[in-house]
Each structure stands twice: as structure tokens, then as C-alpha cells.
Amino acid sequence: MSIRPWLASAALVAVLALAVPTSAIAATPADEPVACTVGGVPIPDGDPVPDEIPTVISCFDTVAEAEQFIEDGAPGDYEQLHPTAFSLRAAAAATVIVGKAWTGTSRSGTALIHWGSGTGCYGVTYGFPTVASTWNNNVRSAEGFNNCWSSQYDGTSYTGTVLTCTPYCATLGTLAAKTSSIVYRPAGTWG
């Protein structure tokens, strides 16, 4: 067998590989947002967590940008959740991180950061009846913040098997990659 046909084939493959437009190359993980934020509505203790809460989501290239967005009052998102109570000053003073969920174990992978209005889970609960699509059945670690414990459910609208992180779960064990809804409750409250 001659080496010439093989060399010609190799050269043709190399030329074709270089000629593929970059838009035809699959998106790399670096193209995906590193963190997204989702706003929640506080529900007073004892009241049922509603099954329908609007999903207000914003995504960022870094966790620091997402956290700064929340610290700044989640501009644009806050108004969607609280249309009658909006003032920029009130929004900035009233937004707080209630929890985070990650696609990897031990706070790794992409982060879904849940925020609410108020001071956290002091006398209130935050429910997220569905998890944003990228994280649905993809959460592998979770943590509650500001007096919140995070309860992960394998069904939407807080149904099915539940695991409560008190406040942090480096792994979700048998519930890993099965979370479809999340509730943040005051510390000491189990899902």
C-alpha cells in the first residue's frame, strides 16, 4: 500500500477541520453562564407555599456578578416579583440570598442562587415549585443562607422524596441529580 493516498487523506481531513466555521462548532461549557439568580416571594410561617410563583431568572458569567446583582436589589427582577412595592432604594435594602444549588458536589459546577426580599428565613419561607431547566434533575449540592435550611424535592411543587440540608449538603446522596423543587425554611424546620 502506498503512503501517498494516506497522506492525501490526512491533508484533506486537516483542511476540512480548519474550514469548519466556528458557529458550527458545538458550544463549550465556557459559553454557559456560571451562575443564575432566581427571585422568591416570602410566605409567612404557617401559610401554605404557593404552587405558582413566577420564575424570574437572570444569568451571569461569574458568581460574584450574580451576588452583586442581588446586593444591588436585583434590578428588573425585583419589580417583576413585587410590582406594587417597588422603589430602587427598597429593593437594594430588601434583597438577600436565601440559598444556592450547584450542579456539582461540594459547591462546584454552575450555581443557581435563590434570593428573596427581607432578611432571609426569619419567620418566612421561600418556595420554588420548579427548578430552572439547567438545574432540574441536575443539583448535586445545596446550601441555605440567612437562617434558611434548604429542602430538595424530587418532584415539582414540593412532592416526592425530600432531603433537608441543615444548612449545607456537600452531596445529596440518593437525591443527587433528582431535585425538581426547593423550599427554604427557617433553620430548625424540616421539609
Side-chain angles (χ1 to χ4, degrees), residues 26-43 49 53 55-74 77-78 81 95-191:
T28 62
D31 293 339
E32 295 177 9
V34 171
C36 291
T37 63
V38 178
V41 177
I43 309 300
V49 179
I53 295 174
T55 301
V56 181
I57 188 167
S58 293
C59 295
F60 302 88
D61 293 331
T62 68
V63 170
E65 289 173 332
E67 290 172 342
Q68 185 63 53
F69 173 75
I70 294 166
E71 187 177 313
D72 291 344
D77 291 5
Y78 186 89
L81 287 173
T95 52
V96 63
I97 295 172
V98 295
K100 294 181 182 179
W102 293 271
T103 57
T105 60
S106 301
R107 299 180 183 111
S108 66
T110 59
L112 182 62
I113 304 172
H114 293 101
W115 61 269
S117 58
T119 57
C121 293
Y122 292 94
V124 298
T125 297
Y126 293 89
F128 298 86
T130 58
V131 176
S133 63
T134 300
W135 291 270
N136 187 46
N137 292 325
N138 200 17
V139 173
R140 290 175 177 80
S141 59
E143 185 171 12
F145 292 89
N146 293 301
N147 198 52
C148 298
W149 280 5
S150 168
S151 294
Q152 313 288 311
Y153 292 85
D154 70 355
T156 59
S157 298
Y158 329 115
T159 60
T161 304
V162 63
L163 172 70
T164 300
C165 299
T166 62
Y168 174 61
C169 290
T171 67
L172 300 182
T174 59
L175 205 60
K178 294 182 181 176
T179 299
S180 292
S181 58
I182 301 173
V183 176
Y184 294 96
R185 294 182 176 88
T189 309
W190 296 91

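Below, all heavy atoms of this structure are taken into account, side chains as well, without hydrogens, waters or symmetry copies.
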Problem - Residue pair A35 / A66: nearest heavy atoms and the distance that separates them - result: CB-CB, 3.9 Å
Practice task
Drop me the distance from I182's CD1 to Q152's CD, to the nearest 0.5 angstrom.
Solution key: 4.0 Å
Problem - Intermediate values then yes/no, side chain to side chain contact (heavy atoms under 4.5 Å, CB included), V139 and L172 - result: CA-CA 8 Å; V139 173; L172 300 182; 3.6 Å; yes
Practice task
Hey, could you give me the CD1/SG distance between I57 and C36, rounded to the nearest 0.5 Å?
Solution key: 4.5 Å
Practice task
List the steps and the verdict of side-chain hydrogen bond (donor to acceptor under 3.5 Å, both in side chains) for T103 and R140.
Solution key: CA-CA 5 Å; T103 57; R140 290 175 177 80; 5.7 Å; no
Handout entry: W149 and W190 aromatic centres sub-6.0 Å
Key = yes
Handout entry: Nearest-0.5 Å distance that lies between atom OG1 in T95 and atom CG in D72
Key = 8.0 Å
Exercise for the section: Decide whether a cation-pi geometry holds between R107 and Y168; the criteria are a distance under 6.0 Å from NZ or CZ to the six-membered ring centre and an angle within 45° of the ring axis. Expected result: yes
Problem - Of all pairs that satisfy ring pair (Phe, Tyr, Trp, His ring centres under 6.0 Å), the ones with a partner from residues 103-124, not counting sequence neighbours - result: H114-F128, H114-Y184
Practice task
Determine yes or no for a side-chain-to-main-chain donor-acceptor pair under 3.5 angstrom, with N138 supplying the side chain and T134 the backbone.
Solution key: yes
Problem - Flag, side chain of Q68 to backbone of A64, donor-acceptor distance under 3.5 Å - result: no
Handout entry: Donor-acceptor under 3.5 Å (Y126 side chain, S117 main chain)
Key = yes
Exercise for the section: Determine the minimum heavy-atom distance between G99 and F145, stating which atoms define it. Expected result: CA-CD1, 3.7 Å
Exercise for the section: Show your working on side chain to side chain contact (heavy atoms under 4.5 Å, CB included) between V34 and T110 and close with a plain yes or no. Expected result: CA-CA 5 Å; V34 171; T110 59; 5.6 Å; no
Practice task
Using modelled atom types only, decide if a donor and an acceptor are shared between the side chain of N137 and the backbone of S180 within a distance under 3.5 Å.
Solution key: no
Exercise for the section: In sequence, state the C-alpha distance, the side-chain angles, and the governing distance for S151 and T164, and then conclude on side-chain hydrogen bond (donor to acceptor under 3.5 Å, both in side chains). Expected result: CA-CA 4 Å; S151 294; T164 300; 2.9 Å; yes
Problem - Point-to-point distance, once rounded to the nearest 0.5 Å, from OG1 of T161 to NZ of K178 - result: 7.5 Å
